[in-house]
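Notes to accompany the following structure.
A, B, ... follow the sequence lines: proteins, then strands. Residue 1 opens every chain. Quick caveat, the model's predicted, so the values are computed rather than measured.
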Amino acid sequence: MNRHEVISAPAHGAIHLHNEDVASAFAEMAELLAIGGENPFRVRAYERAANVVRGLSRPLADIGDRREFDRLPGIGPDLAGKIAELLRTGRLRALEQLRRRAPAGLRELLRVPGLGPVRVRALHAGLGIRGVADLQRALRSGRLNRLRGFGPVLRKRLAESLEGEATTPRRWPLVAATPYAESLRDYLRSVPGVARAEIAGSYRRGRDTVADLDVVIATQRRVDLAAALRRCADVHLLSAAGPTRCTALLRNGLQVDLRLVPQGSYGAALLYFTGSREHNLSLRRRAQARQLKLNEYGLYRGQRRIAGASEQELYHALGLEWIAPELREDRGEIAAAEQHRLPRLVELGDLRGDLHAHTNASDGSESLEAMVAAARARGLEYLAITDHSRHLGIVHGLDADRLSRQVDAIDELNAKLSGFTVLKGVEVDILEDGRLALPDAVLCRLDVVVAAIHDHFQLGESQQTNRVLRALDHRCVSILAHPSARLLGERAPIHMDFGRVLAAVKERSCFLELNAQPGRLDLDDVHCKAACDHGILVSIASDAHSSGELADLIHGIRQARRGWLTAANVLNARPLDELRRLLAQCRR
DNA sequence: GCCGTTTTCGGCCCGACTGTTTTCAGTCG
């Protein structure tokens with residue numbers, strides 16, 4: 001169901017709004033105010049509030065107190081009242097008023113490249129255009145020609161972007177963009193005069209998806225960037241080309257923004273282009289408060305540059321420790337850097353084992369022995385074999401008998417191994433009613449029981465939540481796998497009260513998985529931080545279906561770093577004996 | 001609408017590029 005319907009639904013019965021609902025209401029307010037010609041700073045305030053709420057690791061519904069809302073950064077008395085109104089009534093009167101004034105289609109016009117609030121307002125006021133379809137008609141009929149400010153070049157650009165819109169995906173999974181990013185970066189490094197080239201943006205921050213690529217280039221001398229890009233085989237066209245800035249479209253449809261600076265500004269440009277936007281804004285406000293100016297060329301006191309060559313010196317000059325790119329979301333990292341309490345983020349080398357992997361006994365492609373050998377070769381000390389239970393139609397899931405035989409086989413294998421341990425496990429389906437797809441008798445023989453949802457994704461929130469809570473209540477369950485069941489770009493997260501699930505996991509002393517498959521990355525960053533704040537240990541798991549997929553752990557590490565996780569927060573960073581003790585604790 | 005080692009009022013990040021203009025507004029990142 002569309003979240004917006006929740007917000008405008010009449011208030012009756014129990015209202016339970018997620019932070020995302022509040023964030024999207026504020027984001028919509030910002031867009032409608034902008035289209036209405038409202039003071040841009042007021043618009044910014046709503047945008048900022050939306051971002052702050054979206055990044056909170058605690059549900060607003062749990063905070064519950066208006067004065068507490070007021071203490072959040074960027075939330076003052078007015079917005080605190082609006083949050084309270086939303087939570088209490090499920091509605092926001094100010095938003096409903098704005099919606100009555102502006103047609104819904106105007107917001108989609110804002111997404112069209114080249115259109116901002118001013119031009120959208122002009123289209124609406126001048127020609128009565130109420131959405132993308134109206135704009136297309138006006139372009140074809142030539143009606144747009146008489147609107148001031150819409151010259152031939154802009155009209156052509158609009159027509160092109162309206163046609164291309166359906167074919168270009170809005171965001172790319174990070175791994176889908178990676179080969180293009182690396183190949184472009186390597187090409188740029190080979191261009192004469194280029195000293196350094198790095199992919200920045202959300203790619204460097206390790207987000208699960210990227211909308212485009214941002215490339216920072218430091219040069220030793222003048223470089224004709226546009227000419228170099230035109231020679232690159234991957235580049236389809238340049239949509240903007242200045243001496244220091246270019247925007248290119250790759251043949252696969254991925255957009256690339258490139259920024260070229262002298263070497264002495266490399267750190268400042270990298271900082272600026274890595275973002276996030278909100279992180280940069282906070283840094284610039286901080287600079288301003290110290291009578292300094294921060295831009296992509298450096299940090300300035302008056303005309304004099306006091307830092308710029310490296311990120312380290314820039315952060316230090318602002319009185320901060322260097323902040324890892326994964327944390328740069330303006331979610332408290334700047335205060336932490338000031339107070340020397342940044343987390344020491346988990347690294348791949350911290351992992352001692354992997355607690356979710358498949359063999360050809362179910363839908364994996366390799367034998368038990370091959371998977372074990374591969375895990376060992378990667379320097380791991382233990383590997384849990386967690387094949388699917390029988391319930392799933394798509395795979396050769398294990399029934400109780402076959403699972404028992406696998407358990408015996410693992411016992412035999414362990415007897416032959418030294419310095420490595422295979423843990424006996426299963427990935428058991430959570431049935432529609434929350435029961436598990438295998439009997440207790442066999443589950444209790446296992447070291448680790450990973451429970452997962454693989455069907456009935458569309459259940460309503462209370463039913464889905466109860467389903468998961470019931471599964472967690474099972475005395476053998478150790479880990480809740482890929483908790484939201486999302487598939488990036490394919491399947492939305494299930495509707496579930498994550499706060500209640502967190503509380504149950506904590507109370508049961510069991511664990512949440514951060515599934516490292518690049519198409520899942522589930523937990524996401526915000527939920528990962530919430531788990532961390534609750535003191536819940538997270539299993540960073542490859543969910544490998546072949547030996548090569550054990551390498552996917554790195555994607556999980558990146559996501560975990562975005563969720564502020566240190567090695568101490570990670571279940572499979574613990575040595576085997578401690579892991580066994582922790583797994584035993586959640587047995588009842 | 002928020003916020004305060006300038007301030008409870010008057011600021012609010014900063015620069016590049018484009019197109020439509022006769023000097024700059026709008027968009028974008």
Side-chain angles (χ1 to χ4, degrees), chain A residues 26 29-30 33-35 37-53 69-83 94 109-123 144-158 161 200-203 205 210-216 225-226 238-248 255-261 265 268-300 318-319 330 338:
Chain A
F26 284 167
M29 286 285 298
L33 287 169
I35 292 170
E38 183 53 76
N39 170 7
F41 297 108
R42 189 172 171 223
V43 173
R44 275 291 311 148
Y46 278 96
E47 286 173 3
R48 177 160 187 230
N51 279 320
V52 166
V53 168
F69 300 152
D70 200 347
R71 278 204 264 276
L72 295 169
I75 308 286
D78 182 272
L79 290 176
K82 288 193 165 73
I83 294 173
L109 283 176
L110 279 182
R111 316 263 177 275
V112 177
L115 291 185
V118 176
R119 285 175 182 155
V120 167
R121 193 163 66 254
L123 288 170
L144 213 60
N145 304 14
R146 57 191 171 83
L147 194 60
R148 190 181 161 78
F150 289 77
V153 181
L154 180 58
R155 293 199 301 270
K156 181 161 176 283
R157 183 177 168 206
L158 290 177
S161 42
S202 45
Y203 181 93
R205 299 201 311 280
V210 299
D212 59 13
L213 295 176
D214 300 296
V215 185
V216 177
L225 180 58
L238 297 184
S239 59
T244 68
R245 176 160 217 158
C246 280
T247 299
Q255 182 177 306
V256 188
D257 295 310
L258 303 101
R259 193 62 205 263
L260 191 145
V261 293
S265 293
L270 187 61
L271 179 68
Y272 159 71
F273 238 26
T274 297
S276 65
R277 183 188 168 84
E278 296 295 333
H279 180 85
N280 285 348
L281 291 182
S282 282
L283 288 184
R284 287 178 178 197
R285 276 194 295 269
R286 186 179 176 89
Q288 211 177 29
R290 291 157 190 250
Q291 338 293 342
L292 303 173
K293 187 177 70 170
L294 177 63
N295 59 28
E296 54 266 54
Y297 298 107
L299 183 66
Y300 294 83
L318 289 167
D330 199 25
E338 181 174 45

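Residue contacts shown for A:Arg119 are limited to sugar-phosphate atoms, with no base heavy atom under 4.0 Å away. A:Ala287 comes within 4.0 angstrom of nothing in the nucleic acid, heavy atoms only.
The side chain of A:Pro152 sits closest to B:dT20 out of B:dT20, B:dC13, B:dG29. Comparing B:dA16, B:dG19, B:dG29 by their closest approach to the side chain of A:Val153 singles out B:dG19. Comparing B:dA16, B:dT6, B:dG19 by their closest approach to the side chain of A:Gln291 singles out B:dT6. The side chain of A:Phe41 has B:dG1 as its nearest neighbour among B:dT21, B:dA16, B:dG1.
The phosphate of B:dG29 has OP1 or OP2 within less than 4.0 Å of a side-chain N or O from A:Gln255. For the OP1/OP2 pair of B:dC12 and a distance below 4.0 Å, the side-chain nitrogens and oxygens of A:Arg44 include no atom meeting the criterion. Of the side-chain N and O atoms in A:Tyr297, one or more sit less than 4.0 angstrom from OP1 or OP2 of B:dA16.
Taking each heavy atom of A:Glu278 and A:Asn51 in turn, the nearest pair found is OE2-ND2, 2.9 Å.
The closest donor-acceptor contact from the side chain of A:Asp214 to the backbone of A:Ala200 lies at 3.5 Å or more, if one exists at all.
Between A:Tyr46 and A:Lys82 there is a side-chain heavy-atom pair separated by less than 4.5 Å.
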